[in-house]
Structure formats: C-alpha cells, structure tokens
Amino acid sequence: MSDKIDSLTSDLQHVSTPWLTPFYEKLQKTYHQGRFAHGLLFTGSSGIGKQKIAKQLAQFLLCTNKQNNDACFQCHSCQLINANNHLDFHLLEAEKNKSIGIDQVRLLTEKLNERPQLGNNKVVLIKGAEQLTESAANALLKTLEEPQGDSYLILLARTHHQLMPTLLSRLQQTHLHSPDDQTLINWLYQLGYQVSDLGVLRWFQNSPLALLNHLKLLQQDPSLDTRRQCVEGLFNLLYQPINLFSFSSLIAKDVEQNLLLLFHLLHDIHRLKLNDNQLNEDAIYYFALPQLQLWQIQLSLKSLRTLSTEILTTRSLLVEHSALKKELLINALLIKIKNKFKESTPC
Ligand SMILES: [Zn+2]
C-alpha cells in the first residue's frame, strides 16, 4: 500500500494547483520588479502544494529563457529541472523522524557560494524546515545575512512555530491557504472526480492533494475481504466482551490502508444518516447495509465526525512516526469508538 501511495504522490507533480496560482503570479511579479526576497518560507498543511509551488518557482528562477513572465518549460535548464537533475538546484530534506544537521546545511551553503553552473541563479529548497537543528539554522542565518545576488533559499514547513525567530526574521513568510469548496470541486471535476459529498471535502479541507490521493486509492477498490473484516471487527468490538486484540491486530497489519477502510466505514454510516438511510452505489460498504443502518441510529452526526477525525489523526501519526507504539494507539482509538457507541445507545 505505501508503494501505491508513493507512486500516486509522484503522479501528483504533474497536477495543477489552481488555488496557488494567484500567489505564484505575485511572486513572478515581484521578481520582475526586482523586489524578490532571497529567503522565502512557505507554510501550510501537508498536501496543500508547498512543494509543488516551490519547484515551480525554482524552475522559473532557473529558466534561462523566461517567456511572458514565466519559465519557458523548454530550455535546457527547464528540462533539467523536470528531470530532477539541475546542477544549480539543491534539495535538502530530513530523513523520516530525523533532524537536518549543520553538516548538511554547510554542504549546501558551500554550493551557494559557487558560481551558477548553467544560468544566472541558484536555488536551494529545504523541505521540513522544522527539522533544522539550532546549529543548522544558525549556519543558514549567515547565508541569509549576506545573500549572494544570484542565490535563493526556499524553506517549507507546516507552521512557523518551530523555527527560530532569528531565522524567521530573515525570511519572507507566506502561509498557503486551502481552496474554497467550489474551487476544490471544480478542480477535482477537471481531474475526473465528481465529489458531491461535502463531508469528504471537510475531512480533507486543508489537503487538496491528500484528497486527490484518497479518491485515487478508492478507485482502486481495496479488497472486499478486508472491508468485510472491518465490519466484523467493529461488530465484535461493540457487542463482545472487551477483547480488542483481533480487531486491533487486523488494523495493525496495514495501518495506512486499514484505518482508511475504518474511516470509510464511518463515512458510509454518515452518508446513511444524511441520505434517508440509503447508500449510493459508490458506497464501499454496500454489502453491510443492514448492519450500517442499525449503527447510524446509534451515532449522532457529531460523534461520527469526532470519530472520523480521530481515525485520520491516528492514521497520520502512525504513518508519519514509525517509532510510535502502534498497538497502544490503535487500542486507544478502538476504545474511543466503543465508548462513543455506548454514550449514544439509549439504555
Ligand atoms: Zn526555460
């Protein structure tokens, strides 16, 4: 499953991100006016398109034949950027759960002191800037204090809170916001997805690219058997004496996929509630309709939303931090689900 997600994520580099276009055009304008900052920070949630816009900007800065204010997408430089093989473009990113240390930053700043190899500019992109150690951030500061005329530094982070104030004060910071519903719906429609369910949009509100990924995964129809086991697991969790083990170990087998399936189980219950106890053809738990109809009576909309958020939060925690105690987090989640059902069941 993670391989699948990786390949989908790499597909996304060719997807447009219209909600970022006004910002990108503004950056181009400031460049042509000679007011472009040497240090930029883009913040925003994961899946908002930070990396895409940074890459687009790097292509623009490095293009040797800028046309109509944008990159030409054809020159040697543009081709090398597309092939991830440009000598004046340097990417630094933390390995999973590791920090970015001073040695990595020094290597980069040395490159920034050299002359550009191909065109007139050099671009360094630092992904996950919150992972910079204090000394690494200090090393960057020096570069930002004495910027070379042709060097540009772009930092990406979810929020600015973990960055040193001294570093922040030398960066031009922009927080990237999510598109509104209509922009999101139109964008998905152009990509071939029709989303009429605002619930799904709400859950992925801040991460359009994650939403797209999610829709692509759904299309691939995760195995019916695992879905059946999810319904069975939830049934046993609710009506059998406390024994989390079998459901918990089913989820633990593939946290990324199975928590998404559990999320969809609640999502289909949610749709039943909103849709006169009927499921659309595209519901992935259509085979368990009678059971889901009973469950929708037991859970309020509020409880369903709370639990859905809990599932997605646990899922991202476990996917992003492999060192966390998987079983403990899954069990805690299952107990929350059980308690919500208990709370809502009339005695
Ligand atoms: Zn070009």
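Residue indices begin at 1 and follow the sequence shown. In what follows, every heavy atom counts, from backbone to side chain, and hydrogens, waters and symmetry copies are set aside. One-based numbering, in listed order, for ligands and for the atoms of each.
If you chain together ILVMFWY residues whose side-chain heavy atoms come under 4.5 Å of each other, Leu118 ends up grouped with Leu80.
A cation-pi geometry, defined here as NZ or CZ lying under 6.0 Å from the six-membered ring centre and within 45° of its normal, does not hold between Lys122 and Phe89.
Inside a sphere of radius 2.8 Å centred on the Zn ion (ligand 1), the protein N/O/S atoms present are Cys63 SG, Cys72 SG, Cys75 SG, Cys78 SG.
Counting non-hydrogen atoms of neighbouring residues, nucleotides and ligands closer than 6.0 angstrom, the CG atom of Asn120 reaches no more than 12 such neighbours.
Each salt bridge (charged side-chain N to carboxylate O under 4.0 Å, His left out) pair with one or both residues in residues 162-178, not counting sequence neighbours, appears once here: Glu145-Arg170.
Residues Leu108 and Leu140 form no side-chain contact, since every pair of their non-hydrogen atoms from C-beta on lies 4.5 Å or further apart.
Judged as a side-chain hydrogen bond (donor to acceptor under 3.5 Å, both in side chains), and not counting sequence neighbours, the contacts of Lys127 are Gln51, Glu93.
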